[in-house]
Amino acid sequence: MTMLEPTRTEAAHELPVLTMAGAINRALADAMEADPSVLVFGEDVGTLGGVFRVTDGLAARFGGDRCFDTPLAESGIVGTAVGMAMNGMRPVVEMQFDAFAFPAFEQIVSHVAKMANRTRGAVRLPMVIRIPTGGGIGGVEHHCDSSEAYYAHTPGLTVVCPATPQDAYSLLRAAIEHPDPVIFLEPKKLYWSKAPVDVTVPAALGHARVARPGSDVTLIAYGNSVGVALDAAEVAGSEGRSVQVVDVRTLTPLDDETLFAAVRSTGRAVVIAEAPGFASVASEIQARISEHCFAHLEAPVRRVAGFDIPYAPPKLERFHLPDVDRVLDAIDTLGWEE
């Protein structure tokens, strides 16, 4: 069975249960089926199906001219995608690991992000750059970076990071249909998480979701950290605190409306992310909440983030990554005294 097939039979009222990797695979296949201008390419994405088997079966189904392997040259991969997108195609390229994308960073910042502005909208680049991101898999250096701040800091890029198989499917379909470039960050720790996926549910980029309601404190997270936030909310709930969880989903543009409404409803907030905290997406969210929700806050906005160090080696990464205890400790500092 390839990832193009659901893990169980689709009955009339039964949704397929897919892993996140399978949901991304299904999104790519459905997009390629719907639009012949959609191409998938990168290192080992063809016959092998990618390091994480996310593109499994696509080359066999759609042929080597629509899903194909490239040389080990990330700058060349992205540069080729730029030329294709300029000429009516919709390329979806894969970077094998987060830090492997850095050789392509000049292409992304200088050309991918700026082309529409440089040409006053005459040339748009409808392309998606898929990047496995984050830790939690025991990977070594260059394999577990959280590089989202680099892309979020760059005007002209939309940056997406799903936390569920459903969002992985729906947001990737939306990203492929978007008229401008999208950085699609895939939390590699979650590739094998499973959930029902409704392939008929559309998604709009730029919208957060409330993953859990609550009235005492709001936890804000994305990617791998959403699961940590939900686990912390469960523990805090057993201790008598009602904890709301917001999944950011799209890092740029941020859904300020949903974030601000959530924080104003509770008066307390903790932002959770794996990336180092300094000059991060988490610090940007923290600053925006402080600026726009100050009168509603009962305590300063807290962050629980990765430490400001190079990524920890596999045996130590559990100390580096945010966990439930660190989130609960942050919640305890939020001015609960009467």
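Note that the numbering runs from 1 along the sequence shown for the chain.
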Q: Determine, step by step, whether Glu74 and Gln107 satisfy the side chain to side chain contact (heavy atoms under 4.5 Å, CB included) criterion, reporting the C-alpha distance in whole Å, the side-chain angles of both residues, the deciding distance to 0.1 Å, and the verdict.
A: CA-CA 9 Å; Glu74 287 78 11; Gln107 287 278 359; over 6 Å; no
Polar side chain donor-acceptor pair, [X] to [Y], under 3.5 angstrom:
X      : Y      : answer
Tyr169 : Asp30  : yes
Ser290 : Gln286 : no
Asp35  : Ser37  : yes
Gln244 : Thr266 : no
Gln96  : Asp44  : yes

(Q) Would you say that more than 12 heavy atoms from the other residues, nucleotides or ligands in this model lie under 6.0 Å from the NE2 of His153, or not? (A)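 Not buried by this count: 12 neighbours or fewer within 6.0 Å.
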Q) Around atom NE2 of His142, are there more than 12 heavy atoms of other residues, nucleotides or ligands at under 6.0 Å? A)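 Result for NE2/His142: open.
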Nearest 0.5 Å, what's the [atom1]-[atom2] distance between [X] and [Y]?
X      : Y      : atom1 : atom2 : value
Ile108 : Ile129 : CD1   : CD1   : 4.0 Å
Asp198 : Leu15  : CG    : CG    : 5.0 Å
Arg26  : Arg173 : CZ    : CZ    : 9.5 Å
Thr70  : Ile77  : OG1   : CD1   : 3.0 Å
Glu284 : Leu254 : CD    : CG    : 7.0 Å
Cys293 : Phe260 : SG    : CZ    : 5.5 Å

Q | Val301/Val271 under side chain to side chain contact (heavy atoms under 4.5 Å, CB included): CA gap, chis, key distance, verdict | A | CA-CA 8 Å; Val301 181; Val271 186; 4.1 Å; yes
Below 4.5 Å, heavy atoms only, C-beta onward: do [X] and [Y] meet side chain to side chain?
X      : Y      : result
Phe278 : Ser283 : no
Phe52  : Pro132 : yes
Leu125 : Val82  : yes
Val182 : Leu157 : no
Val140 : Pro314 : yes
Glu148 : Glu274 : no
Thr19  : Ser193 : no
Leu39  : Val92  : no

If you measure from the Lys or Arg side-chain nitrogens to the Asp or Glu carboxylate oxygens, is any gap between [X] and [Y] under 4.0 Å?
X      : Y      : answer
Arg249 : Asp167 : yes
Arg90  : Glu177 : no
Arg288 : Asp256 : yes
Asp216 : Arg241 : no

Same apolar cluster: [X] and [Y], side chain cutoff 4.5 Å:
X      : Y      : result
Met32  : Phe184 : yes
Leu185 : Leu171 : no
Leu58  : Leu48  : no
Val109 : Val281 : yes
Leu172 : Ile131 : no

Q: Please work out which of the three classes, parallel, tilted or perpendicular, describes the rings of Phe100 and His143, given edges at 30° and 60°.
A: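 Because their plane-to-plane angle is over 60°, the rings of His143 and Phe100 count as perpendicular.
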Q: Report the C-alpha separation of Asp145 and Ser147 in whole Å, then their side-chain angles, then the decisive distance to 0.1 Å, and conclude whether the side-chain hydrogen bond (donor to acceptor under 3.5 Å, both in side chains) test is met.
A: CA-CA 6 Å; Asp145 282 16; Ser147 53; over 6 Å; no
State, to 0.1 Å, how close [X] and [Y] come at their nearest heavy-atom pair, and which atoms those are.
X      : Y      : result
Leu328 : Ala232 : CD2-O, 3.6 Å
Ala163 : Leu190 : O-CD1, 3.6 Å
Pro187 : Cys161 : CG-SG, 4.0 Å
Leu219 : Ala233 : CD1-N, 4.4 Å
Ala168 : Pro162 : N-CB, 3.7 Å
Pro322 : Ala273 : CG-O, 3.2 Å

Q. Under 6.0 Å between the ring centres of His320 and Tyr311?
A.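 When the ring centroids of His320 and Tyr311 are compared, they turn out to be within the sub-6.0 Å range.
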(Q) I want to know whether Tyr151 and Phe105 have ring centres closer than 6.0 Å. (A)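 Yes, close enough.
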For [Y], is there any backbone N or O sitting under 3.5 Å from a side-chain donor or acceptor partner on [X]?
X      : Y      : answer
Arg302 : Leu334 : no
Ser170 : Ala203 : no
Asp308 : Gly277 : yes
Arg66  : Val38  : yes
Thr250 : Gly206 : yes
Asp69  : Val45  : yes
Ser225 : Val228 : no
Lys189 : Asn224 : no
Thr258 : Asp255 : no
Thr218 : Ala262 : yes

Q: Verify ring-ring contact (aromatic ring centres under 6.0 Å, His included) between Phe97 and Phe102, making sure each step is shown before the conclusion.
A: CA-CA 10 Å; Phe97 289 92; Phe102 292 149; over 10 Å; no
Q) With a cutoff of under 4.5 Å between side-chain heavy atoms, which Ile, Leu, Val, Met, Phe, Trp and Tyr residues group with Leu316? A)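 Phe319, listed by chain and number.
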Q | Counterpart residues, side chain to side chain contact (heavy atoms under 4.5 Å, CB included), relative to Glu106 (two or more places apart) | A |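 Once residues adjacent in sequence are excluded, the partners of Glu106 under the side chain to side chain contact (heavy atoms under 4.5 Å, CB included) criterion are Ser110, His111.
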Q: Evaluate side chain to side chain contact (heavy atoms under 4.5 Å, CB included) for Met84 paired with Met127, printing each intermediate quantity in order.
A: CA-CA 9 Å; Met84 289 181 168; Met127 57 184 288; over 6 Å; no
Q: If a pair satisfies side-chain hydrogen bond (donor to acceptor under 3.5 Å, both in side chains) and one of its residues is in residues 118-139, list it, with sequence neighbours excluded.
A: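 Every side-chain hydrogen bond (donor to acceptor under 3.5 Å, both in side chains) pair that includes a residue of residues 118-139, provided the two are not neighbours, is Glu94-Arg130, Arg124-Asp180, Arg130-Glu186.
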